[in-house]
Amino acid sequence: MSTTEIRGAAARLHVSTHIRQALWNGDLLPGQRLVVQDIADQLGVTRSSVREALFDLASEDLVELVPNRGASVRVVSVEEAIQITECRSALERLCARKAAEHATEDERAQLTELGEQLRAAVLAEDTHTYSALNRRLHDLVIEFSGQRIAKRQLERLNVQMVRFQFRLALRAGRPQESLPQLLAIIDAVTARDPAAADSAAEAQLASVIEQLRMTEHPLMA
């Protein structure tokens, strides 16, 4: 792709979307430098488009801009991760209640199937697949809730938590501990029980907070 293919607002959006996705996929690590020229070359945009996108991402607390040092992926402290998870809890409880009220038959079937996949991943001790399915469950519940504003806020919060979520999933015994919590969310939503869905989502995020309190240092890699 040449540098003339994408310009202006489209280029700015292209860069910010690419970096958000890389953060979400875990391809960019906390503290990692973001070199303007390298990103411009990779994405076929101008340096000014990259700089503008980095300013946008800094306003969302995803990137840190340091004078004379450039940009880097912002490091999230354990205490901040706990606060982010507390905010997530409030929003995800809302989404769980609304999903229980509004999910269609097909959507409930998707959740039931995902529950079976989660069980299989734990049985196979496949923590990487389990971590991905865990994220998928949260995404589906949010999607099925129809809460578009909550979804946007959660996307912003969750992208800051990717490294924590991945490392927590790799802790010995964590999948076995969290599986019943995730299945409780699925059971409540598929049973169309908003109160139970709210309680299950609250319990699951409270467990994440408890695990975070056991983490002494930011997860750098």
Side-chain angles (χ1 to χ4, degrees), residues 1 3 6 11-89 91-92 126-136 138-139 142 151-175 178 205 207-221:
M1 183 180 297
T3 56
I6 306 178
R12 182 175 182 170
L13 178 61
H14 180 57
V15 174
S16 60
T17 300
H18 172 82
I19 293 176
R20 283 193 193 92
Q21 191 61 51
L23 288 168
W24 184 246
N25 293 337
D27 297 330
L28 291 173
L29 306 180
Q32 183 171 335
R33 287 192 63 215
L34 300 169
V35 181
V36 171
Q37 188 63 61
D38 290 349
I39 296 172
D41 291 342
Q42 178 186 0
L43 300 181
V45 298
T46 63
R47 289 168 56 89
S48 62
S49 295
V50 176
R51 285 192 289 267
E52 290 169 354
L54 291 174
F55 276 116
D56 292 340
L57 295 169
S59 72
E60 298 178 23
D61 293 329
L62 299 178
V63 166
E64 183 176 17
L65 302 177
V66 179
N68 302 319
R69 293 183 57 187
S72 61
V73 178
R74 197 171 71 85
V75 177
V76 176
S77 69
V78 173
E79 181 54 40
E80 187 174 359
I82 290 170
Q83 293 185 26
I84 290 171
T85 307
E86 290 171 341
C87 291
R88 283 181 56 207
S89 179
L91 292 170
E92 292 204 25
D126 185 347
T127 54
H128 291 271
T129 296
Y130 180 79
S131 179
L133 291 172
N134 186 337
R135 284 166 52 182
R136 177 63 175 161
H138 287 277
D139 289 345
I142 294 165
K151 179 180 179 180
R152 288 199 298 268
Q153 296 302 318
L154 283 165
E155 286 172 348
R156 177 175 175 177
L157 293 171
N158 285 335
V159 76
Q160 300 181 57
M161 292 289 296
V162 170
R163 298 305 295 179
F164 283 97
Q165 292 166 350
F166 180 70
R167 286 300 183 90
L168 292 182
L170 295 182
R171 282 185 178 170
R174 177 59 185 167
S178 63
L205 272 299
S207 177
V208 172
I209 291 171
E210 181 181 354
Q211 289 291 316
L212 287 170
R213 293 192 189 283
M214 297 167 58
T215 304
E216 294 183 356
H217 305 289
L219 300 183
M220 297 292 295

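For the side-chain hydrogen bond (donor to acceptor under 3.5 Å, both in side chains) test, residues two or more places apart in sequence or in another chain that qualify with R47 are Q37. Partners of S207 under the side-chain hydrogen bond (donor to acceptor under 3.5 Å, both in side chains) rule, at least two apart in sequence or in another chain, are R174, Q181. Residues passing the side-chain hydrogen bond (donor to acceptor under 3.5 Å, both in side chains) test with S178 are Y130, sequence neighbours excluded. Contacts of T85 classified as side-chain hydrogen bond (donor to acceptor under 3.5 Å, both in side chains), with partners at least two apart in sequence or in another chain: none.
Rounding to the nearest 0.5 Å places CZ of R88 at 9.0 Å from CD1 of I209. Separation of atoms OG (S89) and CG (L157) is listed at 11.5 Å; rounding is to 0.5 Å. Annotation: the span from E60 atom CD to E155 atom CD amounts to 10.5 Å, rounded to 0.5 Å. Once rounded to the nearest 0.5 Å, the distance linking CZ of R51 with OG1 of T46 reads 8.0 Å. Separating the CG atom in L23 from the CG atom in N158 is a distance of 12.5 Å, to the nearest 0.5 Å. Once rounded to the nearest 0.5 Å, the distance linking CD1 of I142 with CD of E92 reads 4.5 Å.
Between A71 and V63, the shortest heavy-atom contact is CB-CG1, 3.9 Å. Between A81 and L212, the shortest heavy-atom distance links the atoms O-CD1, 3.8 Å. Minimum interatomic distance between A11 and V45 (heavy atoms only, all atoms of both residues): CB-CG1, 3.8 Å. Across all non-hydrogen atoms, the minimal contact from S72 to G31 is CB-O, 3.9 Å. The two residues S16 and L13 have their closest heavy-atom pair at OG-O, 3.0 Å. Closest non-hydrogen pair, P67 versus L65, comes out as CD-O, 4.0 Å.
Counting heavy atoms from C-beta on, the side chains of I84 and V76 come closer than 4.5 Å. D27 has its side chain out of reach of Q32: every pair of non-hydrogen atoms, C-beta onward, lies at least 4.5 Å apart. Counting only heavy atoms from C-beta outward, the side chains of I19 and I39 approach each other to under 4.5 Å.
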Please step through side-chain contact (heavy atoms from CB on, under 4.5 Å) for the pair L28 and L34, ending with a clear verdict.
CA-CA 9 Å; L28 291 173; L34 300 169; 4.0 Å; yes

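Between the side chain of S131 and the main chain of H128, no donor-acceptor pair closer than 3.5 Å is present. No donor-acceptor pair closer than 3.5 Å links the side chain of T17 to the backbone N or O of H14.
The residue from R156, R12, R20 that alone fulfils the salt bridge (charged side-chain N to carboxylate O under 4.0 Å, His left out) condition with D56 is R12.
Here salt bridge (Lys or Arg N to Asp or Glu O under 4.0 Å) pairs that include residues 74-85, with residues two or more places apart or in two chains, are R74-E80. Listed by first and then second residue, the salt bridge (Lys or Arg N to Asp or Glu O under 4.0 Å) pairs that reach into residues 29-38 come to none, sequence neighbours excluded.
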